[in-house]
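Single-structure report; data block below.
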Amino acid sequence: ARCIGTTQAYREDTGARLDSEHDDGRHARHANCLTHGMIGSKRSARRPAMIVVAEDDRDLRDTLTELLSREGLPVLGVSSGHRLVSCVAESLIHPETFGRIALIIADVKMPGISGLEAMSRVRRCRVETPLVVITANPSIRVEHAAAAVGAHAVLKKPFKYAQVAEWVRRLVPDPRV
């Protein structure tokens, strides 16, 4: 069973080849189902934990990234659900170089797959990174879907930065851990 379509998404987004992949496309190990055992390993603990902001609106993504960075937090902005899945895959496959993801802030509606679908794929591999969902169109359906993928909060756009900062403080008390 596939946990995430990460191998394909990772190759599509980066053009890179995974270490486990042979030149003819065969896999040395089952790379479609990422090993979650790397989380919390000694190697991943060397780098400070980071926040990933998945938002297709460049201005909002850049603003959130900049404001969170000013607070001393490493932040990575991505523009799609596929890139979010690839980012999580990279953090699991290469924690020593990529680092650990401490929090994901994801928009619901993005090109390709939605932020909720991306998180559903991530959760199938038992990755329990805290999640805050942002949306311009809140509804009971969005609330239920967010809860189903383990979201801690759903913030309605436009929101105040203080709301995001409060959830970051709650969910990432010490990003160095």
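Both backbone and side-chain heavy atoms feed into the values below; hydrogens, waters and symmetry mates do not. Note that the coordinates shown come from a computational prediction; the quantities given were computed from them, not determined experimentally.
Shown here for Ala49 and Arg100, the closest heavy-atom pair between the two residues is CB-NH2, 3.1 Å. Arg61 and Ser79 make their closest contact through NH1-CB, 3.3 Å (heavy atoms, listed as atom of the first residue, atom of the second, distance).
Side-chain atoms of Ser80 and Asp56, non-hydrogen and from C-beta on, never get closer than 4.5 Å to each other.
Distance alone, capped at 3.5 Å, is enough to place a donor-acceptor pair between the Arg123 side chain and the Thr129 backbone. The closest donor-acceptor contact from the side chain of Thr65 to the backbone of Asp62 lies at 3.5 Å or more, if one exists at all. Formation of a donor-acceptor pair under 3.5 Å by the Arg83 side chain with backbone atoms of Cys87 is not found in this model.
Counting only residues at least two apart or on different chains, the salt bridge (charged side-chain N to carboxylate O under 4.0 Å, His left out) pairs with a member in residues 70-81 are Glu66-Arg70.
How far CZ of Phe98 is from CD1 of Ile93: 10.5 Å, rounded to the nearest 0.5 Å. Taken from CG in Leu73 to CG in Leu67, the straight-line distance is 11.0 Å, to the nearest 0.5 Å.
In this structure Arg58 satisfies the side-chain hydrogen bond (donor to acceptor under 3.5 Å, both in side chains) test with no other residue, sequence neighbours excluded. Not a single side-chain hydrogen bond (donor to acceptor under 3.5 Å, both in side chains) links Gln163 to another residue, sequence neighbours left out. Applying the side chain to side chain contact (heavy atoms under 4.5 Å, CB included) criterion to Lys109, with sequence neighbours excluded, gives no partner residue.
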Side chains of residues 148-157: which donor-acceptor partners sit under 3.5 Å, not counting sequence neighbours?
| from | atom 1 | to | atom 2 | distance (Å) |
| --- | --- | --- | --- | --- |
| Lys157 | NZ | Glu55 | OE1 | 3.0 |
| Lys157 | NZ | Glu55 | OE2 | 3.4 |
| Lys157 | NZ | Asp107 | OD1 | 3.4 |
| Lys157 | NZ | Asp107 | OD2 | 3.2 |

Side-chain polar contacts of residues 132-144 - donor-acceptor pairs under 3.5 angstrom, sequence neighbours left out - could you list them?
| from | atom 1 | to | atom 2 | distance (Å) |
| --- | --- | --- | --- | --- |
| Thr135 | OG1 | Asn137 | N | 3.1 |
| Ser139 | OG | Arg141 | N | 3.4 |
| Ser139 | OG | Val142 | N | 3.1 |

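Salt bridge present: Arg124 and Glu117 bring a charged side-chain N and a carboxylate O closer than 4.0 Å.
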